[in-house]
There are 2 protein chains.
Amino acid sequence: MNQAARVQRGKPTIRDVARAAGVSAATVSRVINHEAGASPSIRTRVHAVAAELGYQPSAIARALATGRTRTIEVIVTESCTGWLGAHPHYGRVLAGAMSALEGTDTQLRIHSLTPDRAAAAIDALAADATVGALLANVTPELATRYYLRCRRVISLVPTAPAVPALEVDNVAAVRIAVAHLHRLGRRRIAAIHGPVGNSCAAQRRDGYRSAIAHFGLPELSAEGGFNREGGHDAARELLRRHPEIDAMFVACDLMAAGAVQAITAGGRRVPEDVAVVGFDDSIAAICANPPLTTMRLPVEQMAADATRILMDGDPEFGFRRFYPVDLVLRESAPDFSPARLSRGAGSGAESDSQRSATAPPSRESTP
Amino acid sequence: MNQAARVQRGKPTIRDVARAAGVSAATVSRVINHEAGASPSIRTRVHAVAAELGYQPSAIARALATGRTRTIEVIVTESCTGWLGAHPHYGRVLAGAMSALEGTDTQLRIHSLTPDRAAAAIDALAADATVGALLANVTPELATRYYLRCRRVISLVPTAPAVPALEVDNVAAVRIAVAHLHRLGRRRIAAIHGPVGNSCAAQRRDGYRSAIAHFGLPELSAEGGFNREGGHDAARELLRRHPEIDAMFVACDLMAAGAVQAITAGGRRVPEDVAVVGFDDSIAAICANPPLTTMRLPVEQMAADATRILMDGDPEFGFRRFYPVDLVLRESAPDFSPARLSRGAGSGAESDSQRSATAPPSRESTP
DNA sequence: TCTTCACCTGAAACCGCTTTCGCTTCTAGC
DNA sequence: GCTAGAAGCGAAAGCGGTTTCAGGTGAAGA
C-alpha cells in the first residue's frame, strides 16, 4: 500500500518542491523550518515554488523524523458519555488548554478510557512521543502508570504523590463557603456531597465537617451523584428529614441547581428561607434561578498553565501547585449587606465576585 | 536529532522484537497486524517477546507507512474561549463523536480556528491524512475550502450546498415549539432570536415568523447573543416594551435560562404568567428553575453518525440527512393537561418527553 | 598571494513501520 | 514419486520528512 498511499493522495512532497526549485530536499527543509541556513535568493525561490505547488509538509513524516508529535493528550478514565456531554467542567478544561495552544501548531487530542482497556490504552498513549498529557480525571493508579512510562504529564485532580498536579485546596475552599453562610446568620447549614470514592468529593466533605465543627453546628449531610438529579433528590430528602435547614453547601453547581429546584418546588424561597452555595462556578451556576453563589475554581487557568508547563517547561514548577479559589456572590446566597444584592441582574461574575481574604495562597511544593 | 530521538526514548522497535524473536521485522509486523500470514509457533513467540520487551508500535511510523492517521478532526472557526467552555452544545458534539470511537483506536483532535489563520489552518488540516473532519461550526466558505481539498468531511450545521451535512429542520422545529405554546392558549408569543448572521439563528427566526403568521398573532421579537446574558437582557427588554406577553420562544436553552431569570425577577411566574420554550435540550434546560420545556436536538446522535460515516462510509448517505426534533415537556411550559404536570420533579427527559407527531420525518437528499 | 574560516549546499542516512516480491518449504493430487 | 500450488518467511524498498557530514565557494586576514 506504500505505493497506493502515495498515488491516491498525489500531494506534492518535499522532493517535488526541491526538484521544481532546483535545490535539494535538505535545502527546502531548512528554508521551511529554520531562520538561517539558506541564502536569501534560494529562500524566496523555494517559498515561491512551494506556494505554487500548494505544498503542505506532512505532520506525520515530520513527527517521525523529529521524534515529537505536536499533540497534547487530554485523558479521562471514564466512558465518554458520562463526562464530556454531561458536565460543564470538562468543556472548561478543554477551553483552557486550547487557549494556551492558540497560535501554536500543537493540537489537543482527547481520550476516554473505559476501565477494561484503560491500562493498555495508557501504555499505548505513553509510547506516543507527545508533548504531554493532561489528566482531567484519571485514577491515581493509572496516573502513576502513565507517569512511570512517560513523565510528561500533569494531573488536574488530586492524585498519587508521585504524579505532578495542579490542584485547588478543596478543604479550605469549602471552609470559605460555609463561613460565608455562617456570616449570613445561618445556623442549620446542610451539605450535599458528591459520590464517596471521588477524591474531590471526599476533600470537600472533609472541608464541610471541619467548618461545621469549628462553628459548633450540627452536621446535616446527604450524598448524591455529580449531576442535577443527585442534587435535587438529596436536597428534597434533606428538607424532609430536617425542615429546620436554613442553608446548604452543595459540592458542585450542577447538583446545586437541582437542589435549588427541589427547595423552591417545596415551597421555600432561595435565599430567604434557604441560602445555597455551590461549587465550580460553571454554566450551571448562572443558569440556576436564582443564580448561584459559588466557589469559583480557576479551571481554565489551571488547564492553560498545565498545557504551557508541558510545552515549555517551568523552572518554578515542582510537583504540586495550588490555586486560590474565589467566592463569587450571586443571589442564592448574597452578601450580608443588602446594598450588594442586585436582585434580577443575575450574575456578572467579574463585578460581584470578591477574592476571599481567607483563600489559601497559591503555593508550590516539591516532595 | 534522528540519532538523539532514538537514544533519548530508548523504546524497543519492531526490529528489536524481530531480533529477539529470531525473525524478521516483516514477520513481526504480520503477527501484530494480520490474522493470517504467520505460523502459530512464531505467532506465540513473537507475542511473548513483544510483551516481554514492552513493545508498543509507533502510531506515527505506522501512519507514515500506511498513509492514514487514526484521527478524526473536530473543527470550529471561532476562538476557543467562545465555545468549548461557554456552550454545552460542543461538549455534546464531542461526547457523541467519542461514543462512536469507543473500542476503536481512532482518536479525536479538536481545532479552534481563529479567523486570521483559518484558511491556512484549513489547508494544513486537509493535507493531513486523517479519517475525516467534523465541522462543528465552520463558515460555509471554509467548509467548502476543506471539502475541495479533502472530501472526507461532514458539517453539523447548515452549510454550503456542496458540503455534506447532517442537519435538523430548524424551521419545522420552531413551528412545533410555537404550536405548543399556542395550544396552551397563549396568544402573545414573543421570541428571542440568536445573533443575525448565524445560520441556525436565522432559520429559527424564520420558523417563528412563519408560525406566528400561520396563527395570525403579532410578532414580538428581540435578539441577543447565544448566552445567558443575551437571553436575560432581551427578555427584560421585551417585557418592558410588551407587558402583555404570555409566552416566549427562546432560540437556545442558555438564553432561555437567562430569560426565565429575567421573567421571575420581574415578578412574573413561569409558566403561569409567561410560558417559556427553549431550544437544544442542553444542561441549561435542566438547570433552569423551573426546568425548561425545549426542543431536543439529537446532537450526540448526529455527531456519532457523522463519525461513523467518516470511518466506515455509509451507502445510504448522500449529501444531506435531516434529523427529527423532539418536544421535551418540562415545567416552563408543561402540557395542556394538568395531569401531565409533575411540579417539582423537574425533568426526566426520558419519561416526560414525547416525540411530536408533527416533527419532520428523517429524510435523505442528494443534490 | 596563500591560508583560514564561515557559510551554503547536497548526498545520504536515518525515524519505525508496512508491503511487495521472490525464494524456500510443505502439502496435496495424479 | 513427481509436479503444482499454497503458505511462510526475509530482504528491501518505500512513506515524507530532518539532520549529519563532507565538499565547495567566497571573503577576510597574514
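Per chain, numbering begins at 1; letters A, B, ... match sequence-line order.
Residue contacts shown for B:Ala38 are limited to sugar-phosphate atoms, with no base heavy atom under 4.0 Å away. Within the nucleic acid shown, B:Ala63 has no heavy atom closer than 4.0 Å to any nucleic acid atom.
In this structure, A:Arg149 forms no cation-pi arrangement with A:Tyr147, as its terminal cationic atom is not both closer than 6.0 Å to the ring centre and no more than 45° off the ring axis.
Residue B:Asn33 has a polar side-chain atom (N or O) positioned under 4.0 Å from OP1 or OP2 of C:dT18. Contact between the side-chain N/O atoms of B:Thr13 and the OP1/OP2 oxygens of C:dG16 is not found at any separation under 4.0 Å. A sub-4.0 Å separation between OP1 or OP2 of D:dT18 and a side-chain N or O of A:Ser29 is present. A:Ser39 has a side-chain polar atom (N or O) that falls below the 4.0 Å cut-off from OP1 or OP2 of C:dT9. For the pair A:His34 and D:dT19, the criterion of a side-chain N or O lying under 4.0 Å from OP1 or OP2 is met. Contact between the side-chain N/O atoms of B:Thr66 and the OP1/OP2 oxygens of C:dT18 is not found at any separation under 4.0 Å.
Look at CG on A:Leu64: it is 11 Å from P on D:dT18, rounded to the nearest Å. For the pair A:Arg15 CZ and D:dA13 P, the computed distance is 15 Å after rounding to whole Å.
Salt bridge status for A:Asp123 with A:Arg145: present, with a side-chain N to carboxylate O gap under 4.0 Å. B:Arg321 and B:Asp314 are joined by a salt bridge, as a carboxylate oxygen and a charged side-chain nitrogen come within less than 4.0 angstrom of each other. By the 4.0 Å N-to-carboxylate-O rule, A:Asp128 lies close enough to A:Arg109 to be salt-bridged with it.
Expressed to the nearest 0.5 Å, how far OG of A:Ser112 lies from OH of A:Tyr90 amounts to 9.5 Å. Here B:Leu94 contributes atom CG and B:Ser99 contributes atom OG; the two are 11.0 Å apart, rounded to the nearest 0.5 Å.
Rotation axes derived from the C1' atoms of the five outermost pairs at either end of the helix from C:dT1-D:dA30 to C:dC30-D:dG1 lie 40° apart, to the nearest 10°.
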